[in-house]
Amino acid sequence: MIMKMIWAIIHYESTQMVIDALEKTGIHAMTRMDVTGYEKVRGIPNGSIGYTEMPKEMLMIVLADNEVARAVTIIRTMVKASMKNHFVAATHEKSRIFVTYVEDSYTIRTTKTLA
Amino acid sequence: MDMKKIIAIIRDERAYQTKTLLKYIGVKYIMDFHVRGKGQPTGFVRVPDGIEIFRRDSGVRLLQYHRLESYTDQSVPQVQVEKELVSCFIPKRMLIIIAEDNDVSSIVDTIININKSGRHGDGKIFICPMVYAMDIEDNDDVP
């Protein structure tokens with residue numbers, strides 16, 4: 001069974017909704033960390049001074065290959081639903097999802113491979 | 001020469017020990033992040049009045065049992081409530097190590113030996129492929 005790793009960079013406002021929705025469908029294990037960054041439009045431009053360090057939250061989820069598509073659709077729908085009322089943040093800074101390969105994975109407690 | 005990216009999510013209090021021992025076996029570069037993580041719901045119990053109970057061994061016995069009734073009125077019998085297993089975010093450390101293909105097994109063994117306590121929440125290790133890794137200061141071309 002191939003494992004894959006999802007890095008989702010999402011807004012602070014939508015983090016809790018995404019986590020709750022993932023938990024309801026049985027995806028519990030995840031890691032979150034605070035990040036900053038900007039996109040093509042360079043944050044929120046405000047005259048000569050723009051805000052280029054936009055605070056975001058990054059979720060890291062490792063899943064089996066057949067569950068990745070389901071998790072990605074959940075993240076996308078929940079972020080879109082929660083960012084409806086945040087026009088400025090939603091238009092200037094988009095959320096991103098990256099999916100990468102995982103070759104090997106271990107549980108430290110049992111020294112077993114997950115896959 | 002293939003490179004691998006090792007992502008280890010370990011306990012907060014074992015990070016210093018892990019990093020010092022990895023230094024002894026020849027790991028030069030470690031990235032260290034303070035993250036919050038959670039795993040499968042085995043350790044925490046949520047009762048309907050919102051009080052969370054920490055359970056050290058998974059599914060065996062309750063070590064600490066905090067109920068509001070026990071502090072306020074002892075005569076009121078405690079009502080048996082349905083318990084729901086949940087998992088909540090706790091502080092973890094994420095170590096990212098870029099290593100050569102031959103060194104991966106020794107690094108993984110070292111991390112497992114130090115961090116293994118036999119209880120839930122010890123962490124996970126993921127090994128990801130890496131296209132190439134280079135020093136910025138060197139003037140080599142991109143392979």
Side-chain angles (χ1 to χ4, degrees), chain A residues 1-10 12 14-37 55-65 67-68 71 74-75 97-115, chain B residues 2-11 14 18 31-44 46 57-58 84-96 101 104-105 107-131:
Chain A
M1 192 170 63
I2 307 165
M3 308 287 284
K4 280 185 181 170
M5 187 180 276
I6 301 172
W7 300 86
I9 300 167
I10 55 179
Y12 268 103
S14 52
T15 311
Q16 199 53 50
M17 274 179 78
V18 170
I19 291 168
D20 290 344
L22 288 172
E23 274 183 359
K24 266 176 199 165
T25 55
I27 298 166
H28 289 278
M30 60 185 84
T31 308
R32 69 200 268 197
M33 58 196 296
D34 303 332
V35 292
T36 57
K56 296 280 186 69
E57 192 127 44
M58 185 152 74
L59 293 182
M60 193 206 83
I61 311 164
V62 178
L63 287 173
D65 198 7
E67 284 186 324
V68 168
I74 288 167
I75 294 171
I97 299 175
F98 306 106
V99 182
T100 59
Y101 289 105
V102 175
E103 286 186 352
D104 223 343
S105 48
Y106 300 89
T107 306
I108 293 175
R109 177 169 54 90
T110 53
T111 334
K112 277 180 190 165
T113 52
L114 290 175
Chain B
D2 270 350
M3 309 290 285
K4 290 279 191 300
K5 180 160 90 169
I6 304 168
I7 300 175
I9 296 163
I10 58 174
R11 284 185 198 277
R14 307 271 179 121
T18 310
M31 279 184 278
D32 189 352
F33 294 99
H34 292 256
V35 297
R36 284 166 291 163
K38 70 189 183 70
Q40 297 302 324
T42 48
F44 288 89
R46 180 191 287 154
D57 305 314
S58 66
E84 181 199 355
L85 281 172
V86 294
S87 60
C88 43
F89 283 98
I90 45 177
K92 293 273 174 190
R93 211 65 85 82
M94 181 194 274
L95 304 182
I96 297 182
D101 222 343
V104 168
S105 63
I107 291 169
V108 167
D109 286 343
T110 316
I111 294 173
I112 286 175
N113 282 334
I114 299 165
N115 288 283
K116 197 170 183 180
S117 70
R119 286 193 261 122
H120 284 270
D122 277 351
K124 294 266 194 290
I125 302 172
F126 306 112
I127 297 162
C128 303
M130 176 124 252
V131 181

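Per chain, numbering begins at 1; letters A, B, ... match sequence-line order. What you see is a predicted model, and the numbers here were worked out from it, not measured in a lab.
Minimum interatomic distance between A:Pro55 and A:Thr36 (heavy atoms only, all atoms of both residues): CA-CG2, 4.2 Å.
For the pair B:Asn115 (side chain) and B:Asp122 (backbone), a donor-acceptor distance under 3.5 Å is absent.
Per-residue counts of heavy-atom pairs under 4.5 Å with chain A were compared for B:Lys92, B:Lys124, B:His34, B:Met94; the largest is that of B:Lys124. In terms of heavy-atom pairs under 4.5 angstrom with chain A, the leader among B:Cys128, B:Gly118, B:Gly123, B:Gly37 is B:Gly123. The residue among A:Met60, A:Met58, A:Arg32, A:Met33 with the most heavy atom pairs within less than 4.5 Å of chain B is A:Arg32. Counting heavy-atom pairs closer than 4.5 Å to chain A, the top residue among B:Lys5, B:Lys38, B:Lys116 is B:Lys38.
Residue B:Val104 does not touch chain A at all, counting heavy-atom pairs closer than 4.5 Å. Both the backbone and the side chain of A:Val102 come within less than 4.5 Å of a heavy atom in chain B. Only the side chain of A:Met5 comes within less than 4.5 Å of a heavy atom of chain B; its backbone N, CA, C and O stay farther away. For B:Ile6, no part lies near chain A; criterion is any non-hydrogen pair under 4.5 Å. Heavy-atom distances place no part of A:Thr100 under 4.5 Å from chain B, backbone and side chain included. Interface residue B:Phe89: only side-chain heavy atoms are found under 4.5 Å from chain A. For A:Ile19, the part lying near chain B is the side chain, with the backbone staying farther off; criterion is any non-hydrogen pair under 4.5 Å.
Rounding to the nearest 0.5 Å places CD1 of B:Ile112 at 4.5 Å from CD1 of B:Ile125. If you take OG1 on B:Thr18 and CD1 on B:Ile107, they are separated by 12.5 Å, rounding to the nearest 0.5 Å.
Put simply, the side chain of A:Gln16 does not reach to within 4.5 Å of the side chain of A:Glu57, judged on heavy atoms.
Not a single salt bridge (Lys or Arg N to Asp or Glu O under 4.0 Å) links B:Arg14 to another residue, sequence neighbours left out.
The existence of a salt bridge linking B:Asp32 and B:Arg93 is confirmed by a sub-4.0 Å separation between a basic side-chain nitrogen and an acidic carboxylate oxygen.
Applying the 6.0 Å contact sphere to OH of A:Tyr101 captures no more than 12 heavy atoms from other residues, nucleotides or ligands.
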